[in-house]
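The structure appears right after this line, and notes come after that.
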Amino acid sequence: MASINTGPSLEEELTCSVCREIFRDPITLQCGHNFCRDCVSRYWKQKRSHACPLCRELCSVNELKTNHTLSNIAESFLKDQEQKSKDSRELLCNQHNEKLKLFCLEDQEAICVICQTSIKHENHKCRPIQEVAENYKEELRSTLKAFQNNMTNLTRIKEQYGKCLQHISEQEAQTEKEIQDQLGKLHQFLYSEEESLLADLRKEKEKKMQKMEEDIKKITEDITCLSGAISVTKQELNTDDTLFLKNIKSTRKRATCTISEPLLTPGSLIDTAKYLENLKYHVWKKMLTIIKAVPVTLDPNTASPFLLLSEDLTTISHSPSVMQLPDNQERFNLCACVLGSNGFRYGKHTWEVDVGCKPEWDVGVARDSICRKGKITLSPEKGFWAIALRNGEEYYGCTSRWTPLTLQSKPRKIKVSLDYEKGKLSFYNAEDMTHIFTFIERFTERLCPYFFQGVNEGDTKSEPLRICPLKITVTKE
């Protein structure tokens with residue numbers, strides 16, 4: 001059967017018919033034939049005429065323009081030939097100049113048949129290149145998949161960090177506004193105090209934002225690293241089996257690179273409560289006058305997305321919609337709970353909570369280390385010491401098995417009294433100081449005031465919980 005004529009090869013098409021080399025600075029004559037510029041110039045000097053070296057058609061000297069397309073193709077062809085020549089040399093044994101056909105499992109290197117009989121590889125287990133290459137490629141495919149999954153997770157975490165960064169800016173702006181509102185009427189006298197507080201706030205903002213930006217930069221670098229690793233790994237998987245195995249040591253070393261997924265660490269948000277906690281009290285104390293203060297303020301960084309806190313951090317109400325807040329480790333994510341910013345490790349402490357006529361609430365204390373994600377179970381074993389109201393009339397002491405309580409009257413205000421050293425936590429009806437319930441416990445951790453707003457049944461105007469202010473007289477001694 002006659003063979004099929006496939007026509008001239010690419011190399012033939014890129015070969016100058018005068019010098020028989022690949023085109024260098026090729027030009028195209030009017031007749032359509034291509035030559036090296038130097039070849040045409042030398043030919044015309046010898047012949048003393050401006051005719052095409054192939055068809056002898058006369059051409060104009062002024063029409064000699066470089067064929068850039070042909071020049072680029074020729075340059076690319078030369079680079080490919082050089083790379084193929086290099087690859088061909090790399091596929092030969094350096095010692096015996098024989099083709100690499102085997103892979104030594106003990107020395108982890110590609111060898112030729114002669115190497116197999118050498119002293120260096122004597123009694124070593126060897127396998128055909130193709131057989132071993134597929135095993136290692138499968139291993140590398142698993143690594144590639146892990147890299148890709150890691151990159152997906154890091155990208156998602158980076159988005160979360162970006163949202164947290166935005167929330168920090170919003171916190172700073174909101175806190176600044178509240179500071180300015182509270183100090184507005186006394187601004188002349190309080191100018192230095194205001195500037196000091198704002199400076200601290202901005203400093204913390206810059207510190208927190210710088211930390212967050214550094215974390216995001218690190219995640220971005222990890223993503224870039226993974227992207228590079230993925231690219232290199234894909235490239236390695238597409239190389240010839242022999243060349244692949246020749247470089248397997250360095251390839252596997254790169255493939256062992258692991259990047260841990262960061263967590264949004266506690267304390268990453270601005271400590272808003274630090275600036276707003278009893279702000280008027282601390283300032284008015286310096287003016288030697290009568291002020292109002294609360295013994296406990298709420299920590300917005302712990303507040304569930306279902307809650308709204310007042311600007312002075314003393315009132316809890318249901319949010320009409322779920323708040324878009326960072327899911328930082330301090331925050332309750334499912335239950336409508338919040339902790340006080342005040343933490344206690346010693347001493348005696350009291351505060352009152354206005355529960356009004358709400359049909360459901362919890363009031364008490366909680367360990368600082370409690371789990372705040374998912375469903376919350378109130379019991380001392382879980383780190384909670386509290387009393388609760390359910391269904392508008394059922395009161396409980398939240399012991400291991402909740403203890404039903406019988407009250408003489410429905411309290412509107414609950415007084416909480418903590419004696420840390422004695423391990424005593426008592427609850428009273430603040431209006432007549434009748435005793436409700438007492439826990440006796442040996443406290444060993446920092447305790448924070450705990451509040452549960454109750455389940456929102458769709459009524460966004462439901463009565464809020466309020467921390468009652470204390471009247472304190474400041475006198476000069």
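All values below were derived from every heavy atom in this structure, side-chain atoms included, with hydrogens, water molecules and symmetry-related copies excluded.
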- Item | Test: Lys358 and Glu463 ion pair at under 4.0 Å | no
- Flag if over 12 foreign heavy atoms under 6.0 Å of NZ, Lys410: yes
- With a 4.5 Å heavy-atom cut-off, do Leu425 and Glu441 have their side chains touching? no
- Out of Glu330, Arg331, Lys208, which residue meets the side-chain contact (heavy atoms from CB on, under 4.5 Å) rule with Leu269? Arg331
- Mark yes or no for whether Asp271, through its side chain, and Gly267, through its backbone, hold a donor-acceptor pair below 3.5 Å. no
- Message: Could you tell me if the side chain of Gln210 sits less than 4.5 Å from the side chain of Glu206, heavy atoms only?
- Response: no
- Message: Using a 6.0 Å cut-off, check whether atom NZ of Lys274 has over 12 heavy atoms from anything other than its own residue.
- Response: yes
- Query: With side chains defined as the heavy atoms from C-beta onward, is the minimum distance between Thr272 and Pro300 less than 4.5 Å?
  - Reply: yes
- Does the side chain of Arg202 come within less than 4.5 Å of Glu176's, by heavy atoms? yes
- Is the shortest side-chain N to carboxylate O distance from Asp241 to Lys101 below 4.0 Å? no
- Task: Step through the shown structure and confirm whether more than 12 heavy atoms of other residues, nucleotides or ligands are within 6.0 Å of CD on Gln174.
- Result: no
- Item | Beyond-backbone contact of Val363 with Phe452, side-chain heavy atoms, under 4.5 angstrom | no
- Query: Do Thr152 side-chain atoms and Gln148 backbone N/O form a donor-acceptor pair below 3.5 Å?
  - Reply: yes
- Take Ser400 and Glu381 through the test side chain to side chain donor-acceptor pair (under 3.5 Å) and record every step on the way to the result. CA-CA 7 Å; Ser400 299; Glu381 290 77 13; 2.4 Å; yes
- Are the side chain of Ser319 and the backbone N or O of Met323 linked by a donor-acceptor pair below 3.5 Å? no
- Query: Does Phe443 have its ring centroid less than 6.0 Å away from the ring centroid of Trp385?
  - Reply: yes
- Message: Could you check whether any side-chain heavy atom of Thr315 comes within less than 4.5 Å of a side-chain heavy atom of Leu308, counting everything from C-beta outward?
- Response: no
- Message: Trp351 vs Phe344, test: ring-ring contact (aromatic ring centres under 6.0 Å, His included). Steps then yes/no.
- Response: CA-CA 13 Å; Trp351 60 95; Phe344 311 121; 5.6 Å; yes
- Which distance, rounded to the nearest 0.5 Å, do you find between the CD1 of Ile440 and the OG of Ser426? 6.5 Å
- Item | Residue among Leu307, Ile376, Val338 satisfying side-chain contact (heavy atoms from CB on, under 4.5 Å) with Phe332 | Ile376
- Message: Are the side chains of Trp402 and Leu378 in contact, using a 4.5 Å heavy-atom criterion?
- Response: yes
- Query: So, are Lys373 and Asp327 salt-bridged, with charged N and O less than 4.0 Å apart?
  - Reply: yes
- Message: Does any part of the side chain of Tyr395, heavy atoms only, come nearer than 4.5 Å to the side chain of Phe437, both counted from C-beta?
- Response: no
